[in-house]
Amino acid sequence: MTSLLAPTLREDPAEAETASHRLMLRAGLMRRLAAGIYSYLPLGQRAIAKVEAIVRQEMDRQGCQEVRLPLVQPEELWVESGRSAKYGEELWRLKDRHGRPFVLAPTHEEVVTDLVRREVSSWRQMPLILYHVTNKYRDEPRPRAGVMRAREFVMKDAYSLDRDRDGLSASYAKMREAYARFCTRCGLDWRVVEADPGAIGGHDTVEFVALAGEGEAEIVYCERCGYAANVERAEGGRPAAGAEAEAAEDAGGAAAGPVRLHTPGVRTIDELCAFAGVPASRTSKILFYWAEHAEGRCELVAALVRGDRQLNEIKLGNAVGARRLAMAGREEVLALTGAPVGSAGPVGLRGARLLTDLEVAHGGGFAIGANQEDWHLLGAKAGRDFDPGEVADLRLVGAGDPCPRCASPLGAARGIEVGHMFALGAVYSQTMGALYRDDQGGSHPIEMGCYGIGVTRTLAAVIERHHDRDGIIWPFAVAPYHVAVVPVAAGDDGTREAAEGLYADLRAAGVEAVLDDRDERPGVKFKDADLLGWPLRVTVGRALRDGAVELRRRADGKTEMVALGAVVATIRERVAAGLGETAP
RNA sequence: CGGGGUGUGGCCCAGCUUGGUUAGGGCGCCUGGUUCGGGACCAGGAGGUCGGCAGUUCAAAUCUGCCCACCCCGACCA
């Protein structure tokens, strides 16, 4: 280790807060060059190489073919696909010396589509899955938590090319299998969840989320039926049948109408509940947004959700087909409804496109704003008292909500999105003209899928999952080295020679080992060994008198004495067993 | 982009409110010595545009303005 560039830090760097970020800096895996841009030092690079190797093995197992695609791409390809505008500022743009516009690759759908429209023209050439592992560039508005959200990062991206929807489904299933194996082999505690297709388009999409308290992704899951989804996507559904009947009763039957209630000063749902004596689940709130469409056209939309629910803006955006949403100002609401924000409601609403959440549309007996300052309506029911407009699932689903499949209460968790896959279909091949001939001579767009794994982010996820107060606890599968040989009493020739001999034997036996030959006191070496997280540590010291060394496991601190003659064999066994621990 | 915060030797920080000689401490680094099983001790030493520019002042790390960088929260995010 005297010659190994692994500069450990005794104290936590001020710039890092999350565990993985802190430890990647402290353990000398990487150093920051600029916001969201890092240099990887030898140990970081080795860990990355381990993750990459696992990815490659799993890709190759499914018959994927590795390629290497350019990181610098002509912007015109992105104009052609329509994503130059869609990506906006996040697309990292640059110009060559002639002033021609280029972009740094945030992903490679355009390049792959361009490649295959030139090279794949027959049904005989498919199915085909291409992948590569390279840097990606996204000029994030806010890079954060080290490599968790970086501007330059390593990603494995794959693209499947198929003749038809069935072929795409088969490729998608293969990749799903590969991703599951990958996550398990890296030692992650993970879930696969349904996700929102977002701007990339396509039909089917799932995320592979490594569970971690520090993660950015919020997911809900059902222990009973296995349903799991990103909260962005999780379906709200209609209220249970019993609740619907109850609600109808609350509304006072089909013939009755809502009751007007004077509510001076009532502005919020909480105040309304207190004033009118109704639970928040028996209220409904209306939210106004400006929806910006692809052509730049803006439209005012109103969303009606239950008072105790949160609006899921992604769902609303999808429902209205907007590129972006921005909440409307108070004055605009006043001008439109004739009532201030706290008294606005859906009854007689004009001038805005109204969308009503399933729960409100199928429920009844809601307290709502009366579109008149200081007045509310009690017992209002969609369809009878107001036109619900478009009915859609608009609410944010959370812990305790009923599972949309089996109605059991959902659990919630946070995690890190390490993988994401999309069944794109023909969205790119259609717009960019990637067509092939079938066996009848007919022309069809290629059915595509795209699949990404954040390699550097996976590393962060592994550390989030495997660390303690003292440092990293590498799973064998991604550890930069499997074992550290630590001689104590460096001044003693016998100790040093024994350690060096053991180290040489281990290397000769193919064991990934390091030798801590630094002229440091034992405490320093032990602390660094814990920080660096070697799965195994061999202490060569006082046990040498009995012809033995100590073999210690980082994961649980268990130590055993091993006779010198048996050390190499024992370590090989332990490494093999350790690698087997995360085998799928 | 909005809000908050930070910027002082490689790392962690003090000093700034109330301007005043050579800008401090701990860790790390170099030299010598003593130590040597959980971040040793002693002695000596190197290393600084106090983020940058401009201003106020006899005098600026310290006050003012502008700018830059970085971190956190939010918006955003295939």
Side-chain angles (χ1 to χ4, degrees), chain A residues 5 7-18 21-22 25-26 28 31-37 81 83 86-91 105-110 136 138-146 148-151 153 155 157 159 195-202 204-207 214 216-217 230 232-233 313-314 317 323-327 417 419-424 427-428 448-454 457 469-471 486-492 495-496 516 518-531 537 539-545 549-550 552 557 559:
Chain A
L5 183 61
T8 55
L9 303 173
R10 294 202 176 198
E11 287 168 282
D12 285 333
E15 70 186 64
E17 292 197 356
T18 51
H21 187 196
R22 222 169 48 225
L25 293 169
R26 271 199 68 191
R31 287 293 184 261
R32 195 193 75 232
L33 179 63
I37 300 181
S81 74
R83 285 209 297 178
K86 212 178 273 179
Y87 246 91
E89 300 251 276
E90 203 175 313
L91 191 56
T107 175
H108 286 76
E109 282 81 15
E110 279 77 3
K136 294 289 179 291
R138 295 178 193 183
D139 197 358
E140 293 284 347
R142 183 153 99 81
R144 109 187 67 164
M148 215 98 95
R149 177 163 296 278
R151 294 195 295 172
F153 56 97
M155 181 172 169
D157 43 325
Y159 304 88
D196 181 80
I200 199 163
D204 201 2
T205 171
V206 293
E207 290 174 350
E214 300 275 6
E216 291 185 62
N230 191 307
E232 294 176 353
R233 169 61 185 254
E313 292 189 7
I314 290 170
R323 186 169 65 181
R324 209 163 51 183
L325 288 177
M327 274 201 98
E417 178 194 339
H420 202 157
M421 48 203 289
F422 301 83
L424 293 170
V427 285
Y428 289 89
M448 293 177 62
C450 67
Y451 314 84
I453 283 179
R457 187 186 271 184
R469 268 176 35 205
D470 296 318
V486 179
V488 297
D492 176 54
T495 305
R496 190 170 52 81
D516 193 349
R518 296 175 301 170
D519 183 18
E520 292 286 356
R521 293 161 59 85
V524 174
K525 295 185 179 185
F526 293 156
K527 285 288 186 188
D528 268 352
D530 287 348
L531 175 61
R537 186 185 88 197
T539 310
V540 183
R542 56 190 172 206
L544 216 49
R545 285 188 306 248
V549 294
E550 291 156 48
R552 183 177 194 269
T559 306

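Naming: A, B, ... by sequence-line order, numbering from 1 per chain.
Remark: the backbone N or O of A:R518 is paired with a side-chain donor or acceptor of A:K525 at under 3.5 angstrom. Without hydrogens or angle criteria, A:R138 side chain to A:R151 main chain gives no donor-acceptor distance under 3.5 Å.
Note: CD (A:E89) to C1' (B:C77) measures 13 Å, nearest angstrom. Nucleotide B:C12 holds its P atom 10 Å from the CG atom of A:L25, rounded to whole Å. The distance between atom NZ of A:K525 and atom C1' of B:A40, rounded to the nearest whole Å, is 15 Å. When the P atom of B:G37 is taken as reference, atom NZ of A:K527 falls 15 Å away, rounded to whole Å. Rounded to whole Å, atom C1' of B:G39 lies 13 Å from atom CG of A:D516. When rounded to the nearest whole Å, the span between CG of A:D470 and P of B:G38 equals 14 Å. When the C1' atom of B:C77 is taken as reference, atom CZ of A:R83 falls 13 Å away, rounded to whole Å. If you take CD of A:E15 and C1' of B:C11, they are 11 Å apart, rounded to a whole angstrom.
The minimum heavy-atom distance linking A:V488 with A:P522 is given by the pair CG1-CB, 3.7 Å. The minimum heavy-atom distance between A:P143 and A:E140, with the atom names listed, is CD-O, 3.8 Å.
For A:L531, whose side chain is taken as the heavy atoms from C-beta onward, the closest listed nucleotide among B:C76, B:C72, B:G39 is B:G39. Checked against B:G38, B:G37, B:C76, the side chain of A:D530 finds its nearest nucleotide in B:G38. Here the side chain of A:R521 is nearest to one of B:C77, B:U35, B:G38, namely B:U35. Taking every side-chain heavy atom of A:D528 into account, B:G39 is the closest of B:G38, B:G39, B:C70. Residue A:E550 has its side chain nearest to B:G37 when only B:U35, B:G37, B:G39 are considered. Closest to the A:R552 side chain, of the nucleotides B:A75, B:C11, B:G38, is B:G38. Closest approach to the A:F526 side chain among B:C73, B:C13, B:G37 is made by B:G37 (side chain taken as heavy atoms from C-beta onward). With distances taken from any side-chain atom of A:A35 to the nucleotides B:G37, B:C71, B:C76, the minimum falls on B:C71.
Under the Watson-Crick or G-U wobble criterion, with both distances below 3.5 Å, B:G7 is paired with B:C68. Using N1 to N3 plus N6-O4 or O6-N4 for Watson-Crick, or N1-O2 and O6-N3 for G-U wobble, each under 3.5 Å, B:C16 pairs with nothing. With a cut-off of 3.5 Å on both pairing distances, the Watson-Crick or G-U wobble partner of B:A43 is B:U31. Pairing for B:A23 is absent, with no Watson-Crick or G-U wobble pair whose two atom distances lie under 3.5 Å. Nucleotide B:G55: paired with B:C63 (Watson-Crick or G-U wobble, both distances less than 3.5 Å). Under the Watson-Crick and G-U wobble criteria, each requiring two contacts below 3.5 Å, nucleotide B:A75 is left unpaired. B:U49 makes up no base pair with any nucleotide shown, lacking Watson-Crick or G-U wobble contacts both under 3.5 Å. When Watson-Crick and G-U wobble pairs are counted only if both distances are under 3.5 Å, B:C36 pairs with no nucleotide at all.
Two residues, A:A16 and A:R138, neighbour RNA chain B, and the one matched to the more 5' nucleotide by heavy-atom proximity is A:A16.
Rounded to the nearest Å, the gap between the P atom of B:C58 and that of B:C41 is 49 Å. For the C1' atoms, the distance linking B:U6 with B:C12 amounts to 14 Å, nearest Å. When the C1' atom is used for both B:U22 and B:C71, the distance is 34 Å, rounded to whole Å. When the C1' atom is used for both B:G51 and B:C70, the distance is 10 Å, rounded to whole Å. For the P atom pair drawn from B:U17 and B:C67, the interatomic distance equals 24 Å after rounding to whole Å. Distance noted for atom C1' between B:C1 and B:U57: 38 Å (whole Å). Comparing the C1' positions of B:G52 and B:A60 gives an interatomic distance of 15 Å, to the nearest angstrom. Comparing B:C29 with B:G5, their P atoms are spaced 36 Å from each other, to the whole Å.
Taking the side chain as every heavy atom from C-beta outward, A:R496 and A:P487 never approach each other to under 4.5 Å. Residues A:P7 and A:R31 form a side-chain contact, since some pair of their non-hydrogen atoms from C-beta on lies under 4.5 Å apart. At a threshold of 4.5 Å between non-hydrogen side-chain atoms, the residues A:T107 and A:R83 count as touching.
Within 4.0 Å of A:P13, counting heavy atoms only, lie sugar-phosphate atoms of the nucleic acid but no base atom. Residue A:A145 is in sugar-phosphate contact alone, with no base atom involved, counting any heavy-atom pair closer than 4.0 Å across all strands shown. Residue contacts shown for A:R31 are absent, as no nucleic acid heavy atom lies under 4.0 Å away.
Contact annotation: side chain of A:R32 to base of B:G10, donor-acceptor pair absent below 3.5 Å. Taking 3.5 Å as the limit, the base of B:C77 and the side chain of A:R149 contain a donor-acceptor pair of atoms between them.
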Nucleic acid footprint by protein, nucleotides 24-34 of chain B - heavy-atom cut-off 4.0 Å, B for base, S for sugar-phosphate alone: --BSS------
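For the atom pair OG1 (A:T18) and CD (A:E216), the distance works out to 10.0 Å, reported to the nearest 0.5 Å. If you take CG on A:D530 and OG1 on A:T8, they are separated by 12.0 Å, rounding to the nearest 0.5 Å.
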Can you check side chain to side chain contact (heavy atoms under 4.5 Å, CB included) on A:R457 and A:M155, steps first, answer last? CA-CA 9 Å; A:R457 187 186 271 184; A:M155 181 172 169; over 6 Å; no
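A cation-pi contact links A:R537 to A:F526, judged by a cut-off of 6.0 Å to the six-membered ring centre and 45° from its axis.
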